[in-house]
> 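Please read through the structure below; I'll follow up with questions.
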Amino acid sequence: MTAATSELLLSRIRDVPDYPKPGVMFKDITPLLADPEAFTVLTDVLAELCTRYEATKIVGLEARGFILGAPVAIRAGLGFIPVRKAGKLPGATLSQAYELEYGTAEIEVHAEDLRAGDRVMVIDDVLATGGTAEASLELIRRAGADVAGVAVLMELGFLGGRTRLELALRGAPLEALITL
């Protein structure tokens with residue numbers, strides 16, 4: 001990715017101080033999504049990563065991973081699979097619990113959507129602490145598929161998500177378009 005592309009994407013991310021609580025600087029991607037040039041550039045860059053790492057399917061993590069992953073899947077000619085919070089998918093699912101700072105959460109995928117031979121690229125907007133991404137990697141492997149990699153628009157490096165994912169990636173790449 002070029003410096004100009006990185007600058008374009010970063011220029012369309014708005015800082016919202018004290019959201020969702022005091023002391024947090026929220027990174028709002030809605031201006032990027034509203035700009036067709038920036039959103040197209042983002043989609044193209046992520047689709048190229050899927051091609052480079054020979055992905056056959058894309059997993060988008062709820063909820064902004066859906067917004068980013070679905071157009072990337074179309075652009076790359078790949079299937080799109082949503083990974084949702086527990087209880088949101090009908091039918092047979094695989095679930096994976098994971099630790100949060102204060103408690104636990106659980107994500108699910110339709111059991112039949114992933115199978116042996118699939119190479120799955122996980123797409124999300126932000127890598128923060130890495131808990132959801134780590135759980136998604138476990139879920140993908142439990143379904144019998146392989147992890148092609150993880151691609152995020154932004155990595156909040158100071159939260160340590162990359163370090164947390166290191167073992168779970170098992171050598172698969174982690175691509176962050178912007179690192180803050």
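Because the structure is a prediction, the values reported are computed rather than measured.
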> Hey, could you give me the CD1/CE distance between I178 and M154, rounded to the nearest 0.5 Å?
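The distance works out to 6.5 Å.
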
> Working to the nearest 0.5 angstrom, can you tell me the gap between Q96 CD and R142 CZ?
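Reported to 0.5 Å precision, the distance equals 5.0 Å.
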
> Less than 4.5 Å apart, side chain to side chain, heavy atoms only: is that true for V120 and V147?
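They are not in side-chain contact.
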
> Is a side-chain donor or acceptor of E108 paired with a backbone partner of G87 at a separation under 3.5 angstrom?
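Judged by distance alone, yes, a pair lies under 3.5 Å.
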
> Would one find more than 12 heavy atoms of other residues, nucleotides or ligands at under 6.0 Å from atom CD of E166?
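No, CD of E166 has 12 or fewer neighbouring heavy atoms, counting only those of other groups under 6.0 Å.
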
> With no hydrogens and no angle check, is any side-chain donor or acceptor of K57 less than 3.5 Å from a backbone partner on R115?
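No, K57 side chain to R115 backbone: no donor-acceptor pair under 3.5 Å.
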
> List the atom of D146, the atom of I140, and the distance in Å for their closest heavy-atom pair.
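The pair with the smallest heavy-atom distance is O-CG2, 3.9 Å.
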
> Side chains of I67 and F39, heavy atoms from C-beta outward: is any pair under 4.5 Å?
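Result yes, sub-4.5 Å side-chain heavy-atom pair found.
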
> With rounding to the nearest 0.5 angstrom, report the CD to OG1 distance, E112 to T93.
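Taking CD in E112 and OG1 in T93, the distance rounds to 9.5 Å.
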
> E175 and Y53: side-chain donor and acceptor closer than 3.5 Å?
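Distance-only check passes for E175 and Y53.
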
> At what distance, to the nearest 0.5 angstrom, does CD1 of I29 lie from CG of D35?
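Result: 12.5 Å between the selected atoms.
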
> What distance do I58 atom CD1 and C50 atom SG have between them, rounded to the nearest 0.5 Å?
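Taking CD1 in I58 and SG in C50, the distance rounds to 3.5 Å.
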
> Just so I know, are the side chains of L165 and L127 near enough to count as touching, which here means a heavy-atom distance under 4.5 Å?
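Of all side-chain heavy-atom pairs linking L127 with L165, at least one is under 4.5 Å.
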
> To check you understand the geometry: which heavy-atom pair defines the closest contact between D113 and D118, and what is its length?
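Looking at all heavy atoms of both residues, the closest pair is O-OD2, 4.0 Å.
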
> With a 4.5 Å cut-off on side-chain heavy atoms, are I107 and E62 touching?
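Answer no - side chains too far apart.
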
> Any salt bridge linking R164 with E99? Criterion: basic side-chain nitrogen under 4.0 Å from a carboxylate oxygen.
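Answer for the salt bridge query: no.
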
> Under a 3.5 Å distance rule, please check whether S6 uses its side chain to pair with a backbone N or O of A3 as donor and acceptor.
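It does not hold such a pair.
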
> Counting distance only, does the side-chain N/O of R84 pair as donor-acceptor with the main-chain N or O of H110 below 3.5 Å?
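Looks like no, no N/O pair under 3.5 Å.
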
> How far apart are the closest heavy atoms of P82 and L89, and which atoms are they?
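The answer is O-CD1, 4.4 Å.
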
> In Å, rounded to the nearest 0.5 Å, how long is the span from CZ of F66 to CD1 of I81?
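Here the rounded value is 11.5 Å.
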
> Any heavy-atom pair between the side chains of L8 and E37 that's under 4.5 Å?
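Heavy-atom side-chain distance check passes, below 4.5 Å.
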
> Which heavy atom of S136 sits nearest a heavy atom of A133, and at what distance?
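Reported closest heavy-atom pair: OG-O, 2.7 Å.
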
> Applying the side-chain contact (heavy atoms from CB on, under 4.5 Å) test to I13, which of L180, T30, L153 qualifies?
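Only one of L180, T30, L153 forms a side-chain contact (heavy atoms from CB on, under 4.5 Å) with I13, namely L153.
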
> Please name the pair of heavy atoms, one in M121 and one in A151, separated by the smallest distance, quoted to 0.1 Å.
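It is SD-N, 4.0 Å.
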
> Do L49 and L46 have side chains that approach each other closer than 4.5 Å (heavy atoms only, starting at C-beta)?
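Side-chain contact under 4.5 Å: yes.
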
> Got more than 12 heavy atoms from elsewhere within 6.0 Å of OH, Y19?
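Not more than 12 within 6.0 Å, no.
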
> Please name the residue in the list L68, L42, D125 that meets the side-chain contact (heavy atoms from CB on, under 4.5 Å) test with L32.
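Only one of L68, L42, D125 forms a side-chain contact (heavy atoms from CB on, under 4.5 Å) with L32, namely L42.
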
> Keeping the roles fixed (side chain from D28, backbone from D15), state whether a donor-acceptor pair exists under 3.5 Å.
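Not confirmed, D28 side chain does not pair with D15 backbone.
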
> Does E48 pair with R52 as a salt bridge, N-O distance under 4.0 Å?
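The answer is yes: the pair qualifies as a salt bridge.
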
> Using modelled atom types and a 3.5 Å cut-off, is there a donor and acceptor pairing between side-chain atoms of R141 and backbone atoms of A168?
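Checking the backbone N and O of A168 against the side chain of R141, a donor-acceptor pair under 3.5 Å is found.
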
